[in-house]
Amino acid sequence: MAQEMMGGQAEWKQNYDAATNLKVSRSTVPVLSPLTLQATEQMIETYRRLVSSGGFPQMPPANLKLGAKNANVVALRRRLIASGDLDQSLGSSPVFDSFVEGGVKRFQQRHGLQPTGVVTPATVTAMNVPADVRLRQLETNVVRLRSYAGNLGNRFVVANIPAALVETVENGQVMTRHAAGVGKIDRQSPVMTTRATDINFNPFWTVPASIIKKDLIPKMQADPNYLTENKIRIYNGQGQELQPTQVNWRSDEATRYQFRQDPGGEFNSLGFVRINIANPYGVYMHDTPAKGIFGDDFRFVSSGCMRVQNVRDYITWLLKDTPGWGREQIDAAIEGGQRVDARLAQPVPVYWTYITAWATPDGIVQFRDDIYNKDGIGPVPVASMQKTEEEE
């Protein structure tokens, strides 16, 4: 890519179609692919030149949107130009016009933020991550990408934890993409290689021991009707059902029992579907009744399992080669309301990865917060502004 200097700051072009079309295209190249690895290696060289030329200009604190007119808009233009999100010919006006709005959306898309075109504190925080930190992210993550350089399979799933995103991949192309909800900072989703083996429709949810202690007991202390309202039943070691009033919630007695939530996609924590993946961590992928999380920037909300948006499309792809499980049968199983299991004819490889920086062959570079501090570059900037939601 060409690198030029403007106002003492490095900038480069990223395949602009036109000044009015600055959207980041939906690449069909998977995050785990030789093309992504090659593009990321090239982007490292670009960022080394950028760092040596002075890096990014600082963006002052500002809340800006279409129609604003002040000196901060000039600073915003310079910052967008420096990262290739705005054409260099548009760098001087103090007016926040549609060109700037497009550039902000482009920047937000590349950093995992909702592309609103409005400059929020989270957007400014992401803009003010120094270029040398971004370079270190790329250098760290290219090593991770190389570790997946072997044959991953003709059909596989990539779940990128920092991006909270799931991709289904076939013949080297992304077939579907799904926003995800992944593990909280203190209940992390594990990095692992596994296989999807079977699918449970309208599953029961057995509450994990960690959630009983950390969440369920405090909720019952605050609201004695919590279990009843959420259709969660208590069973002792002999399989006998107990009533909530039979348990001393001011002690750890509850940790000796099993808690199981009735099936029901509108309230069950697993929603309509659970996807089982072989692993020693006790985690899996599933639907959720709390679909509002998929529109959030910050989707680190679970106890380690992964919630998948548009789960019907996901399992339709998983079951594509399993006789008797087309979309019509999947919809019927969900609507039937009864527990039904489907075993994949061929287990599908699933890669839970941790990639916080990568580039695509069209010259677009993506960054995400190092939410679990695995990059070793210090506090996560945007995520530190968010308040982790309670487990649903």
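Scope of the values below: all heavy atoms of this structure, side chains included, with no hydrogens, waters or symmetry mates.
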*Where is the tightest heavy-atom contact between Arg49 and Ser52, given as atom of each residue plus distance?*
O-OG, 2.8 Å

*asked:* Can you tell whether the side chains of Asp375 and Arg368 come within less than 4.0 Å, N to carboxylate O?
replied: no

*Among side-chain atoms of Arg106 and Gln109, is any donor-acceptor pair under 3.5 angstrom?*
no

_Could you work out, with side-chain hydrogen bond (donor to acceptor under 3.5 Å, both in side chains) as the rule, every residue matching Glu139, not counting sequence neighbours?_
Arg48

*asked:* Applying ring pair (Phe, Tyr, Trp, His ring centres under 6.0 Å), can you list everything that pairs with Phe367, at least two apart in sequence or on another chain?
replied: Tyr47, His111

*asked:* The test is side-chain contact (heavy atoms from CB on, under 4.5 Å); show your working for Ile315 and Asp287 and say whether it passes.
replied: CA-CA 10 Å; Ile315 62 174; Asp287 183 25; over 6 Å; no

*Step by step, work out the side-chain contact (heavy atoms from CB on, under 4.5 Å) result for Leu165 and Arg177.*
CA-CA 7 Å; Leu165 188 70; Arg177 277 195 178 92; 4.2 Å; yes

_Taking Leu66 as the starting point, is it possible to reach Met127 by hopping between hydrophobic residues whose side chains are less than 4.5 Å apart?_
yes

_So for atom CD, which belongs to Gln338, do other residues, nucleotides or ligands contribute more than 12 heavy atoms lying within a distance under 6.0 Å?_
no

*Gln108 side chain to Thr123 backbone, donor-acceptor under 3.5 Å*: no

Which pairs of donor and acceptor atoms, one on a side chain in residues 346-355, lie under 3.5 Å apart (sequence neighbours left out)?
{"residue": "Tyr351", "atom": "OH", "partner": "Leu152", "partner atom": "O", "Å": "2.7"}
{"residue": "Thr353", "atom": "OG1", "partner": "Ala159", "partner atom": "O", "Å": "3.4"}
{"residue": "Tyr354", "atom": "OH", "partner": "Asp370", "partner atom": "OD1", "Å": "2.6"}
{"residue": "Tyr354", "atom": "OH", "partner": "Ile371", "partner atom": "N", "Å": "3.1"}
{"residue": "Tyr354", "atom": "OH", "partner": "Tyr372", "partner atom": "N", "Å": "2.8"}

*In the hydrophobic clustering (ILVMFWY, side-chain contacts below 4.5 Å, transitive), which residues join Val174, or is it alone?*
none

*For residues Leu76 and Met59, determine if any side-chain heavy atom of one lies less than 4.5 Å from a side-chain heavy atom of the other.*
yes

*Name all residues meeting the side chain to side chain contact (heavy atoms under 4.5 Å, CB included) criterion together with Ala254; count only those two or more places apart in sequence or in a different chain, and write none if there are none.*
Ile212, Ile217, Val247, Trp249, Phe259

_If the threshold is 4.0 Å, N to carboxylate O, is there a salt bridge linking Lys214 and Asp186?_
no

_Cluster companions of Leu35 among Ile, Leu, Val, Met, Phe, Trp, Tyr (side-chain spacing under 4.5 Å)_ = Val29

*Side-chain contact test, heavy atoms from C-beta onward, threshold under 4.5 Å: evaluate it for Leu86 versus Phe107 and give yes or no.*
no

*Is Arg155 reaching over with its side chain to a backbone N or O of Trp317, donor-acceptor style, under 3.5 angstrom?*
yes

*Residues in side-chain hydrogen bond (donor to acceptor under 3.5 Å, both in side chains) contact with Asn236, at least two apart in sequence or another chain*: Gln240

_Atom pair OG1 (Thr40) and CD (Gln137), whose distance is rounded to the nearest 0.5 Å_ = 12.0 Å

*Between Thr316 and Arg312, do the side chains contain an N or O donor and an N or O acceptor separated by less than 3.5 Å?*
no

*Gln58: partners by side-chain hydrogen bond (donor to acceptor under 3.5 Å, both in side chains), with sequence neighbours left out*: none

_Treating Gln329 as the side-chain partner and Gly326 as the backbone partner, does any N or O pair qualify as donor plus acceptor under 3.5 Å?_
yes

*For Thr176, does its backbone N or O pair with a side-chain atom of Thr168 as donor and acceptor, under 3.5 Å?*
yes

*Taking all atoms of both residues into account, what is the closest heavy-atom pair of Pro94 and Val73, and its distance?*
O-CB, 3.2 Å

*Atom OG1 of Thr116 and atom CD of Glu101: how far apart are they, to the nearest 0.5 Å?*
8.5 Å

*asked:* When you measure from the centre of the six-membered ring of Trp358, is the NZ or CZ of Arg144 closer than 6.0 Å and no more than 45° off the axis?
replied: no

*Is a side-chain donor or acceptor of Asn72 paired with a backbone partner of Asn70 at a separation under 3.5 angstrom?*
no

_Please evaluate residues Val273 and Asn200 with respect to the criterion side-chain contact (heavy atoms from CB on, under 4.5 Å), reporting the C-alpha separation (whole Å), side-chain torsions for both, the decisive distance (0.1 Å), and the verdict._
CA-CA 6 Å; Val273 176; Asn200 308 137; over 6 Å; no

*What's the spacing between Arg136 CZ and Thr356 OG1 if we round to 0.5 Å?*
12.0 Å

*Please tell me if the side chains of Thr197 and Leu344 come closer than 4.5 Å, counting only heavy atoms from C-beta onward.*
no

*Given side chains that start at C-beta, do those of Met306 and His286 come closer than 4.5 Å, heavy atoms only?*
no

_Restricting to salt bridge (Lys or Arg N to Asp or Glu O under 4.0 Å), what partner residues turn up for Arg77, sequence neighbours left out?_
Asp97

*Under 3.5 Å, is there a donor-acceptor pair between the side chain of Glu167 and the main chain of Val31?*
yes

*Smallest separation among heavy atoms of Asn279 and Gly282, with atom names*: OD1-N, 3.1 Å

*Give the minimum heavy-atom separation between Ala62 and Val124, together with the two atoms involved.*
O-CG2, 3.7 Å

_Reported OG1-to-CG distance for the pair Thr120 and Leu64, which is rounded to 0.5 angstrom_ = 10.5 Å

*So, for Ser189 and Cys305, which heavy atoms are closest and what is the spacing to 0.1 Å?*
OG-O, 4.0 Å

*Working to the nearest 0.5 Å, report the span between CG of Leu216 and OH of Tyr226.*
6.5 Å

*N-O pairing of Asp341 and Arg343 below 4.0 Å*: no

*Does any non-hydrogen side-chain atom of Glu41 lie less than 4.5 Å from one of Arg146?*
yes

*Do Ile277 and Met192 have side chains that get closer than 4.5 Å, going by heavy atoms?*
yes

*Donor-acceptor pair, Thr36 side chain versus Leu32 backbone, under 3.5 Å?*
no

_side-chain hydrogen bond (donor to acceptor under 3.5 Å, both in side chains) partners of Arg195, counting only residues at least two apart_ = none

*In Å and rounded to the nearest 0.5 Å, what is the CG to CG distance from Asp313 to Leu318?*
11.0 Å

*Between Gln258 and Thr206, does any side-chain donor sit less than 3.5 Å from a side-chain acceptor?*
no

*Salt-bridge test for Asp85 and Lys105: reply yes if a basic N is under 4.0 Å from a carboxylate O, no otherwise.*
no

_Are there over 12 heavy-atom neighbours, none belonging to Arg233, within less than 6.0 Å of that residue's CZ?_
no

_side chain to side chain contact (heavy atoms under 4.5 Å, CB included) involving Asn225 - partner list, sequence neighbours excluded_ = Asp223, Glu229

*Would you sort out whether Ile330 and Trp325 count as a side-chain contact (heavy atoms from CB on, under 4.5 Å), showing the intermediate values?*
CA-CA 6 Å; Ile330 289 170; Trp325 282 105; 4.0 Å; yes

*Do Phe96 and Val104 come close enough that some side-chain heavy atom pair is under 4.5 Å?*
yes

_Check: Gln188 and Lys374 side chains under 4.5 Å, non-hydrogen atoms_ = yes

*asked:* I'd like to check the salt bridge (Lys or Arg N to Asp or Glu O under 4.0 Å) partners of Glu328; sequence neighbours left out, ordered by chain and number.
replied: none

